[in-house]
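Just so it is clear: chains get the letters A, B, ... in the order the sequence lines come, proteins before strands, and each one is counted from 1. All values below were derived from every heavy atom in this structure, side-chain atoms included, with hydrogens, water molecules and symmetry-related copies excluded.
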Number of protein chains: 2
Amino acid sequence: MTTKPKVLLVGMGGVGTIVAYGIQYTGKADVTAVVRSDYDTLTTQGFDLESVDYGNVKGFRPTNVYKSVDDAVSKHGPFDYVVFSMKNTPDIQPIEPLIEKCYHEGIGIVLMQNGYGIHKSVLKKFPTAYVISGVSMISSTLYGRVIKHVGQDAVKVGVCDNGKLDYAKQEQKCKDFIDLYSNDKNDIVYDEDVNYSRWRKLVYNATVNSTAALTNVDIGRLELFGGIDSIVRPAMKEILAIAKSDGVDLPESIIDFMIRSDDGEWYPPSMLIDIRKGNYTEYQVIVGNALDVAKQNNVPAPTLTVLYNLLHVIQWRTMEAKGRFVLPEKRPLPEDNFHIEFK
Amino acid sequence: MTTKPKVLLVGMGGVGTIVAYGIQYTGKADVTAVVRSDYDTLTTQGFDLESVDYGNVKGFRPTNVYKSVDDAVSKHGPFDYVVFSMKNTPDIQPIEPLIEKCYHEGIGIVLMQNGYGIHKSVLKKFPTAYVISGVSMISSTLYGRVIKHVGQDAVKVGVCDNGKLDYAKQEQKCKDFIDLYSNDKNDIVYDEDVNYSRWRKLVYNATVNSTAALTNVDIGRLELFGGIDSIVRPAMKEILAIAKSDGVDLPESIIDFMIRSDDGEWYPPSMLIDIRKGNYTEYQVIVGNALDVAKQNNVPAPTLTVLYNLLHVIQWRTMEAKGRFVLPEKRPLPEDNFHIEFK
């Protein structure tokens with residue numbers, strides 16, 4: 001019987017798979033993964049990794065794989081950590097109900113997800129929880145059962161202070177997680193100001209991601225076709241202004257740094273991949289949450305506002321395509337007082 | 001041998017086909033159509049019309065059909081009028097070279113096309129030409145070889161004064177065209193202020209069209225999914241402000257009138273159809289030309305600017321998809337000084 005710490009990992013996509021592999025690579029923890037659509041593939045064949053960090057790996061699978069958090073908890077719980085590396089779509093699939101299924105005092109909840117301010121709803125529901133924020137700068141995508149991992153697994157990990165428990169204890173919980181995960185290939189560092197890192201990442205995600213998704217071109221084409229200068233740069237300036245209003249002072253130079261961060265690759269950003277696959281996008285936590293801060297602090301953000309509103313319509317189109325609701329054959333008009341009913 | 005006036009019509013899509021049918025319906029003119037991709041279909045089977053004006057018509061074809069303006073002119077020229085009902089994409093296919101092939105002193109050039117200020121480039125090239133502006137409010141789309149014509153053929157026709165010829169002569173040329181085209185089913189009227197009508201139409205086209213195209217939903221879904229309120233209304237307000245700076249005072253009430261103009265139908269606007277078919281869009285004349293006026297008159301138009309810039313990237317994506325250029329396998333970077341070369 002193992003005495004290793006137990007990590008529950010929810011979501012085996014481009015990010016989650018590399019996190020799982022990175023933890024198993026250290027040998028310091030057992031990883032139990034929860035996956036839904038890829039369950040059969042993962043349990044029979046595993047995933048193949050073409051990884052800039054770990055090289056070519058055939059048929060990787062985590063120690064344990066289950067279809068649901070319930071199953072994982074009843075077979076292998078309680079867990080020391082639950083890592084959320086699934087997509088962050090609170091409008092579609094909020095994570096709090098999943099946390100509820102594995103929660104106990106002392107579990108570390110690691111949010112290895114995109115977006116700004118994503119810990120707020122977790123701490124609201126679990127006020128004394130250890131919440132850990134992981135800001136990943138990885139470039140990694142799952143195509144079928146192949147992980148194409150082209151940008152190093154670099155993660156900044158920090159504490160989302162719950163204000164209830166001793167901060168040193170929360171910090172220790174966070175650093176213990178880093179110890180399980182950090183190895184000679186990846187770059188996992190403790191981050192005293194994870195809020196800064198989240199805004200920093202948003203400079204890329206809220207702008208390049210959104211624009212690539214809306215125009216259906218990778219970042220290379222986006223640059224050649226004029227979109228970087230006409231849309232991404234103004235949108236990045238808006239993020240910098242919003243961050244500043246939130247007390248985070250990012251240097252102007254971050255704009256060119258981010259624009260050049262995928263150089264050498266045509267690279268399709270994650271939100272573009274989502275759109276191409278017909279999946280939901282993380283527009284709410286990536287753009288919407290930033291706009292909430294803009295509104296609160298009266299910072300103008302005209303470019304991001306249009307991008308957000310377009311992505312919102314597309315999210316609803318995706319809901320319809322996925323059968324979340326069915327519209328009547330005859331178009332309802334305002335006077336019909338029609339409301340969309342979810343299945 | 002006929003002595004009827006001869007009309008050359010370039011472009012047999014949803015608009016052009018109904019114009020051709022409307023003119024032949026009056027029996028007052030012969031129509032020679034120029035089509036490219038649908039040439040075989042049109043000459044062998046013709047188009048079927050499901051028309052709100054003319055009912056169900058099987059196998060309609062214009063009197064003469066040719067693949068090029070050159071062919072049409074050599075077989076049936078000179079023409080009394082040339083009607084452009086093809087898509088208006090000056091960035092892809094400018095019309096001036098086509099006018100050149102059929103031009104003679106006295107020909108009436110009818111621009112039955114979308115956009116604002118589209119006569120300017122024509123008059124620049126042909127300063128003493130009779131240029132006639134046709135602002136169509138039709139709803140009609142070509143699917144395969146079937147025209148689905150759901151909104152009446154209503155056109156405002158007016159003079160684009162060349163400032164060289166006697167205005168009364170230009171007016172007569174315009175009214176003579178209306179006489180050939182107007183019948184008991186359609187609603188073709190002389191318009192003293194065609195600039196007003198063009199701005200008025202832009203209230204719809206620059207906003208509903210663009211937003212539907214970018215989100216890939218029809219106007220019914222656009223409304224249900226929130227896009228009418230979040231994007232279309234602000235964009236419409238910007239058009240009203242730009243028009244005002246151009247001396248055209250449109251009433252606020254036009255906003256709700258336009259939003260409700262497709263009621264009863266889910267209706268996919270023309271630019272959405274273009275996108276769905278993988279075709280070029282008329283973003284340049286519909287949104288770009290309006291933004292040129294905004295810039296000139298210092299009118300802020302943040303929403304339209306983002307819509308335009310996104311559509312611009314998509315136009316280039318379409319050019320690539322249509323093989324207008326080929327990008328290298330390795331992504332070029334700014335220091336490579338790479339320029340796209342058109343075939």
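- Evaluated for a side chain to side chain contact (heavy atoms under 4.5 Å, CB included) with B:Val313, the options A:Asn216, A:Leu224, A:Val217 yield exactly one hit, A:Val217.
- Under a 4.0 Å N-O distance rule, the pair B:Asp336/B:Arg331 does not qualify as a salt bridge.
- When each of A:Leu311, A:Leu310, A:Ile314 is checked for heavy-atom pairs under 4.5 Å with chain B, A:Leu310 comes out on top.
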* Are B:Lys148 and B:Glu265 close enough, and set up right, to give a salt bridge (charged side-chain N to carboxylate O under 4.0 Å, His left out), and what steps lead you there? -> CA-CA 13 Å; B:Lys148 296 204 187 263; B:Glu265 301 282 337; over 6 Å; no
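- Comparing B:His339, B:Glu320, B:Glu329, B:His312 by heavy-atom pairs within less than 4.5 Å of chain A, the highest count is held by B:Glu320.
- For A:Arg317, the parts lying under 4.5 angstrom from a heavy atom of chain B are both the backbone and the side chain.
- Contact annotation for A:Asp229: neither backbone nor side-chain heavy atoms come within less than 4.5 Å of a heavy atom of chain B.
- Proximity to chain B (any heavy atom under 4.5 Å) is shown, for A:Tyr267, by neither the backbone nor the side chain.
- Remark: B:Lys201 fails to qualify as a cation-pi partner of B:Tyr116 under the 6.0 Å distance and 45° angle criteria applied to the six-membered ring.
- Aromatic pair A:Trp316/A:Phe342: ring centres closer than 6.0 Å.
- In this structure, A:Lys277 places its NZ atom where more than 12 heavy-atom neighbours from other residues, nucleotides or ligands lie under 6.0 Å away.
- There is no contact between A:Gln315 and chain B, counting heavy-atom distances below 4.5 Å.
- Heavy atoms closer than 4.5 Å to chain B are found in both the backbone and the side chain of A:Leu214.
- Per-residue counts of heavy-atom pairs under 4.5 Å with chain A were compared for B:Leu307, B:Thr215, B:Ile219; the largest is that of B:Thr215.
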